[in-house]
Structure formats: C-alpha cells, structure tokens
Number of protein chains: 2
Amino acid sequence: MISQKAKYALRALIMLAREGEGASLQIGEIASGQSIPKKFLEQILLDLKRHGIVVSRRGKAGGYALLKRPDQITFGQVLRLIDGPIAPLPCLSRTAYRRCEDCSDESGCEIRQVFSRVAQSAREVLDRTTIADALGRGRPVVEIETFAEAEAITS
Amino acid sequence: MISQKAKYALRALIMLAREGEGASLQIGEIASGQSIPKKFLEQILLDLKRHGIVVSRRGKAGGYALLKRPDQITFGQVLRLIDGPIAPLPCLSRTAYRRCEDCSDESGCEIRQVFSRVAQSAREVLDRTTIADALGRGRPVVEIETFAEAEAITS
DNA sequence: ACTTTGTCTACCTAGTAGGTAGGCTTAATG
DNA sequence: CATTAAGCCTACCTACTAGGTAGACAAAGT
C-alpha cells in the first residue's frame, strides 16, 4: 500500500500541472481543492521542493509552481522520495539496496527470484508514467523499445 | 515491502515442500534450518494451519506437513493471509476493497488508473506462481515477454 | 507597519512490526 | 500411568511509523 502522504503529493502535483506552465497555487488552494490537511501538505510540498520538483515564492501572493515539466516527473520519483524504495524486498531495490540479513545465498533465493519479477513490472509502470500521462485523457504510456532507454529512465 | 513474517512463511512452506509429499517437520527443525525465531514461527505456522495450507500433529513426534499440494499454493495466497491485500490502494483490492475516503470520483481518479496497472501485473505474477514453481531450478510458469524482464530474472 | 504567505522545529497519538514468555493440552513411550 | 516432548493459546513488550498538529519565525507585497 502506498502512503496517504504519497497520494497527497501526487494529487498536488497533478493539480499544479493542470494549472499550466509556470502558474502557481498557494498551499491553501491546493489543500482545500484536494481536501488535504493544510499543515500536512505544507511539509509535503517542502519535501518536493527540496528535491527540486517544485519551486516556491514566499510572502504575500506567494505559492508553489512546478519546476520540472509534468512529462519529466515520474510516479516512481515521487513515490521513492516520499515512501522510500519501490521494491518489495530490500535486496531488490536499485536505489536503496540492502542485503537481507538472514539470507545466505542471495542469487539462489527463491523468494527473491519471484519478487524480482514483481519489482520489475512495478518499475516498468511507475518509472515510465509521468504526471503528464496521468493528466489528460491523452495517450497512456509510451512504449519503450530498447533496454538502454529503460535503463536511462530507471536511473 | 513485504513483511519479515511473510518471508518466513514462504521459506517454511518451501522447506516443507522440499521434504516431499506427506512428510513432516517440527517447528524447531524449520526454525533452525531457516534461522527463524522459533516462537515467532510457531504463530506463523498456526496461522497457515487455520487457513488450511498446512496440518499439524501434536504430542511427541508431532510436527507440520503441507495439506495442499505445492503447486496449489500460490505466493499471492500466502501474502494476502499474512500481510493483507496486495493492491497498492484499498480501492484497487479485489479481496478487500475499500473506498478511498477522500476520493470523490473513483473511476476518474488518475492515481488509481496508474496504480491499477501496477496491481494488475503484481497479481499476474503472484497469483500464478506457486511454491512448486519456486522450488525447482525449473523456470516459472509465466511466459517471459520482454527483454527487461529476462534481464531481471537472470540478474 | 501590517498582513499574508511560506519555513522550520517540535511534538503528539494510535497502530503495527517483530518479536518473547509462559502456561496448557495432547500423545508417544518406558 | 508418569514422564517428556511436541504443538496450542493468550498475553505482553519495545521500537518505530503513519498521519497528523502547534506555533514561532522569515520574507515579501501594500
């Protein structure tokens, strides 16, 4: 299950993207528009800002706007930065690999083998789908044809 | 991330399956063989028993054995009974559907649409792969379709 | 100055993960 | 029929996390 926080983050980004290029919204507008607790959203946006996805302006008439283009923000990125690794086992994460303590033979681990397929297909969706894709009734997801291309995205 | 408990359950089932048809093992044997805390494993096996996956015999020379055939026990079943729903959103679970509180229009929800693809592919793997599949060095039941997928498995 | 926005730090509460402890029941076996 | 070795059951514990709240401070527009 993805966290409430990640859902809020995605909803906020989608709302900002809908606003159009360069446009900004205030925390309060997003919060009431999406029924997100305002002070909680504050922390989330701050987090997105620290990761360079969004910019803010302070003071009267301040607010938040997207820094990256909607088609350059993937669900995977957002999810990783809010919820942590996507992989179902630490030993399968590319971005935050950790050995399983109790696993003696990683490459022979049957459980790992099965879940590696789950992880792979989850990444395939999440690292390819962008905020822009989610937005319109526009075309779903672009097919990726080469392995190199997939690698580039997954980085 | 799947829980430690689910991993233990799967490892115990795999070990029992390796033992062969009708054969039984004691909690202690499984616990030490797989480095699982014994009293914790006790609870897990009890749970598997209540769900009809495993049978026990009490008293001296007791132990546990598989009740279902290894090819009739899927990873999905085990995961659901230990960790709960597989779906990344409550509103996507088939076995434990729940509306998202704060979602006004479920069918139009962009987040749901994206994650439904993740859920779908996770189910595709987990509900098809059985303990028997995990066992052998034989390849899993599901066809391998993409290069990336093949990469992931051999890695 | 004053007001309205974002920023930062601290804190809170319920629930869960990952176990431990210990008494009770069942069944071989000597 | 007592002993002993297994599973069964209930209770409990500790650390951590999810999902927030609270409130003082800092910048910027008017």
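Because only heavy atoms are used, hydrogens play no part in the values below, and waters and symmetry mates are left out as well, while side chains stay in. Values in this document were obtained by computation on a predicted structure and should not be read as measured data. The sequence lines fix the lettering, A, B, ..., with proteins before strands; numbering per chain opens at 1.
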Name the pairs: protein N/O against N/O of nucleotides 24-26 of chain C, kept only if under 3.5 Å.
{"residue": "C:dT25", "atom": "O2", "partner": "B:R58", "partner atom": "NH2", "Å": "3.1"}

- [ ] Return yes if some donor-acceptor pair links the side-chain N/O of A:R112 with the main-chain N/O of A:C91 below 3.5 Å, else return no.
- [x] yes
For residues 58-74 of chain B, dump all side-chain donor-acceptor pairs below 3.5 Å to protein atoms at least two apart in sequence or in another chain.
{"residue": "B:K68", "atom": "NZ", "partner": "B:Q77", "partner atom": "OE1", "Å": "3.4"}
{"residue": "B:R69", "atom": "NE", "partner": "B:D71", "partner atom": "OD1", "Å": "3.3"}
{"residue": "B:R69", "atom": "NH2", "partner": "B:D71", "partner atom": "OD1", "Å": "3.2"}
{"residue": "B:R69", "atom": "NH2", "partner": "B:D71", "partner atom": "OD2", "Å": "2.6"}
{"residue": "B:T74", "atom": "OG1", "partner": "B:Q77", "partner atom": "N", "Å": "3.0"}

TODO: Name every residue in residues 16-36 of chain A that has at least one heavy atom under 4.0 Å from any atom of DNA chain C, in order of residue number, or write none if there are no such residues.
DONE: A:Q26, A:I27
TODO: Grab the CD-C1' distance between A:E42 and D:dG19 for me, whole Å please.
DONE: 15 Å
TODO: Starting at atom CG of A:D47, determine the distance to atom P of C:dT9, rounded to an integer number of angstrom.
DONE: 13 Å
- [ ] Compare all side-chain heavy atoms of A:M1 with those of B:P90 and state whether any distance is below 4.5 angstrom.
- [x] yes
- [ ] Look at the side chain of A:K39 and the base of D:dG23, then say whether one donor and one acceptor between them are separated by less than 3.5 Å.
- [x] yes
Task: Upstream residue (5' side of DNA chain C) when A:Q43 and A:S56 are each assigned their closest nucleotide - done: A:S56
Task: Flag side-chain contact, heavy atom, 4.5 Å: B:Y8 against A:D102 - done: yes
Open item on the list: Nearest to the A:R57 side chain among D:dA11, D:dG29, D:dG20, which nucleotide is it?
Closed with: D:dG29
- [ ] Could you check how far CE of A:M1 sits from P of D:dG19, rounded to whole Å?
- [x] 11 Å
- [ ] Would you mind classifying the nucleic acid contact of B:K38 as base, sugar-phosphate or nothing, using non-hydrogen atoms under 4.0 angstrom?
- [x] nothing
Open item on the list: Rounded to whole Å, how long is the line connecting atom NZ of B:K49 with atom P of D:dG7?
Closed with: 11 Å
- [ ] Report which part of the nucleic acid B:K7 touches: base, sugar-phosphate, or nothing (heavy-atom distance under 4.0 Å, all strands).
- [x] nothing
- [ ] Search all heavy atoms of B:F115 against all heavy atoms of B:L89 and return the closest pair with its distance.
- [x] CB-CD1, 4.0 Å
Task: Gap between atoms CG and P, on B:L46 and D:dA6 respectively (whole Å) - done: 17 Å
Task: side-chain contact (heavy atoms from CB on, under 4.5 Å) against B:C103, all qualifying residues, sequence neighbours excluded - done: B:C100, B:C109
Do any N or O atoms of the protein come closer than 3.5 Å to N or O atoms of nucleotides 11-18 of chain C, and which pairs are they?
{"residue": "C:dG18", "atom": "OP2", "partner": "B:Q4", "partner atom": "N", "Å": "3.2"}

Open item on the list: Under the rule for side-chain hydrogen bond (donor to acceptor under 3.5 Å, both in side chains), what residues qualify as partners of A:S104, not counting sequence neighbours?
Closed with: none
Task: Residue pairs involving residues 87-96 of chain B (criterion salt bridge (charged side-chain N to carboxylate O under 4.0 Å, His left out); sequence neighbours excluded) - done: none
Using distance only, find each side-chain donor-acceptor pair of residues 31-50 of chain B under 3.5 Å and give its atom names and separation, not counting sequence neighbours.
{"residue": "B:S32", "atom": "OG", "partner": "B:G28", "partner atom": "O", "Å": "3.1"}
{"residue": "B:S32", "atom": "OG", "partner": "B:E29", "partner atom": "O", "Å": "3.4"}
{"residue": "B:Q34", "atom": "OE1", "partner": "B:R11", "partner atom": "NE", "Å": "3.3"}
{"residue": "B:K39", "atom": "NZ", "partner": "B:E42", "partner atom": "OE1", "Å": "3.3"}
{"residue": "B:K49", "atom": "NZ", "partner": "B:S56", "partner atom": "OG", "Å": "3.4"}

Open item on the list: Could you check whether any side-chain N or O of A:S116 sits under 3.5 Å from a backbone N or O of A:Q113, counting only pairs where one atom can act as donor and the other as acceptor?
Closed with: yes
Open item on the list: Treating B:S121 as the side-chain partner and B:V118 as the backbone partner, does any N or O pair qualify as donor plus acceptor under 3.5 Å?
Closed with: yes
TODO: Check whether more than 12 heavy atoms from other residues, nucleotides or ligands sit under 6.0 Å from atom CZ of B:R123, and answer yes or no.
DONE: yes
Task: For atom CD1 of A:I44 and atom P of D:dA18, their distance in whole Å - done: 12 Å
- [ ] Only counting residues at least two apart or in another chain, list the ones meeting side-chain hydrogen bond (donor to acceptor under 3.5 Å, both in side chains) with B:K5.
- [x] none
Task: Within residues 85-93 of chain B, residues whose heavy atoms come under 4.0 Å of DNA chain C - done: none
TODO: Scan for salt bridge (charged side-chain N to carboxylate O under 4.0 Å, His left out) pairs involving residues 12-21 of chain A, sequence neighbours excluded, and state none if there are none.
DONE: A:R18-B:E110
